[in-house]
2 protein chains.
Amino acid sequence: MNLGATKTAIPLSTTELSEKIGGSQQSASRHLRLLEAEGLIQRNISNDGSKVMITNRGVDELDLVLQDLKWYLEGDEAQTIEFVGEVVSGLFEGAYYISKEGYFNQIVEKLGFEPFPGTLNVRIREEDYEKRKRLERRDYIRLEGFKDGERAFGAAHCYPCLLEDEVEGALIVAERSIHDYGIMEIISPYYLRRKMGLTDGDKIKISFLPLRLSDA
Amino acid sequence: MNLGATKTAIPLSTTELSEKIGGSQQSASRHLRLLEAEGLIQRNISNDGSKVMITNRGVDELDLVLQDLKWYLEGDEAQTIEFVGEVVSGLFEGAYYISKEGYFNQIVEKLGFEPFPGTLNVRIREEDYEKRKRLERRDYIRLEGFKDGERAFGAAHCYPCLLEDEVEGALIVAERSIHDYGIMEIISPYYLRRKMGLTDGDKIKISFLPLRLSDA
DNA sequence: ATTACTAACTTACGAGTAG
DNA sequence: TCTACTCGTAAGTTAGTAA
């Protein structure tokens, strides 16, 4: 029963829905209210035909379930791994590191873009930590460590990704150090906060396509 | 958390599972018992490490959920439509029709195989009737009606399919007549009951790949 | 160490009904 | 019509415990 409410709001009363899912009007009503409260759907309620539309977050949420199921059934190898996280503020350390020539040049060379001098920090959900570990077991693009005058900079691993299915970027992870699985640091050729109109708290989808070895 | 129990039984205690899914040991126990009762998993219970393994039916069930989700998110066009049904006995009418030259020759010509003179009848679940309607809205291979001496035989629609992901076949549906959505009549080059070792009550997976127009 | 019973607690459902 | 409240009952969860 695909109601097709992805882009256009469709008329759907609680009674109508209850018939489709085989439940009561009251349950349908409650479910819609809860989904709305969770921000997964949007509604336009009126006495003569309410309208329902799924939000982008709702689609993302379904996507996550879909990919988990796919993974159970088909294995991890050729799967896209997706996260939906929340934009947070970092300590602006990213800018410092990225602008180091030692990293910058390697990124241009190995990832194929000139990184914006800063990282976008995204907090992912705790239930996705396992998924992140799976991701970090994949092949990566390695940025070699280097010495810059007095101090040494460690190697880093890069996992190219797509933000909201369209903007190019890469997750960057320090090779050594037990890092916090809760925060993803994303580099990109763009100033993402402006290009994508992001502010703290915004949800963002990060997709890691299967990395082809030939690209490395 | 892919436990990888598709082909090999893996050790999994109720306590272990409860931790993974974030519930109590008791709930894990009950869920496992219910899944086992429904025939979706198999268990090997002992005091020092029980083993769990998903059954083929369990995988099929997950497949169905997966494809429903896919359909919600990606639409119907390029999807494989799957059913898991139960082998039942028909009235052996199939044999009569299939062996009619008027149909037989068309099947050889348009479907590319010599049909076994009989059909496999599969009962699908009521909640899959809508899915079947979707299937029957797709492009089909048409067998023209014909006259054989005194009586006339109506046209039929064929939807090529795969049984258990490997054996070739086709759903055959009379063009006119309000047919019973509960029973699928499958033709195939083989005597399926023998080739696949089927008896009444056995579960069978039927997959309809997207039909390419160029094939017709 | 297991699994799983029982009993209490908590959540979800839906008939009735109001706005 | 519509949505959504109350509230009694059904279903699911879990602590304690047995085997």
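Letters go in sequence order (proteins before strands), and every chain restarts at 1.
Taking atom CG of residue A:L35 and atom P of nucleotide D:dA4, one finds them 13 Å apart after rounding to whole Å. Straight-line distance from the CD atom of A:Q26 to the P atom of C:dG16: 10 Å, rounded to whole Å. Regarding B:N47, its CG atom lies at a distance of 13 Å from the C1' atom of D:dA18, rounded to whole Å. The distance between atom CZ of B:R30 and atom P of D:dA15, rounded to the nearest whole Å, is 13 Å. With rounding to whole Å, A:L34 atom CG is found 8 Å from C:dA12 atom P. The interatomic distance linking A:H31 (NE2) with D:dT3 (P) rounds to 15 Å, in whole Å. Following rounding to the nearest Å, B:L17 (CG) and D:dT13 (P) show an atom-to-atom distance of 12 Å. In this structure, the CZ atom of A:R33 is 11 Å from the P atom of D:dT3, given to the nearest Å.
In this structure, B:S46 does not reach the C:dT3 phosphate: none of its side-chain N or O atoms is under 4.0 Å from OP1 or OP2. For the pair B:R43 and C:dT2, the criterion of a side-chain N or O lying under 4.0 Å from OP1 or OP2 is not met. When the side-chain nitrogen and oxygen atoms of A:S13 are compared with OP1 and OP2 of D:dC2, one or more of them lie within a distance under 4.0 Å. Side-chain N/O atoms of B:S27 include one lying less than 4.0 angstrom from OP1 or OP2 on D:dT14. A:S50 has a side-chain polar atom (N or O) that falls below the 4.0 Å cut-off from OP1 or OP2 of D:dT3.
B:Q42 places no side-chain N or O within donor-acceptor distance of the main-chain N or O of B:M53, the cut-off being under 3.5 Å.
We find that A:D60 and A:R57 are not joined by a salt bridge, their nearest charged nitrogen and carboxylate oxygen being 4.0 Å or further apart. Note on A:E164 versus A:K205: no salt bridge recorded, every NZ/NE/NH1/NH2 to OD/OE distance being 4.0 Å or above.
Here D:dT3 is the nucleotide among C:dA4, C:dG14, D:dT3 with the atom lying nearest to any side-chain atom of A:S29.
Ring geometry for A:Y96 against A:F153 counts as tilted: the plane angle lies between 30° and 60°, on a 0 to 90° scale. Below 30°, between 30° and 60°, or above 60°: for B:Y191 and B:F116 the angle between ring planes is below 30°, a parallel geometry.
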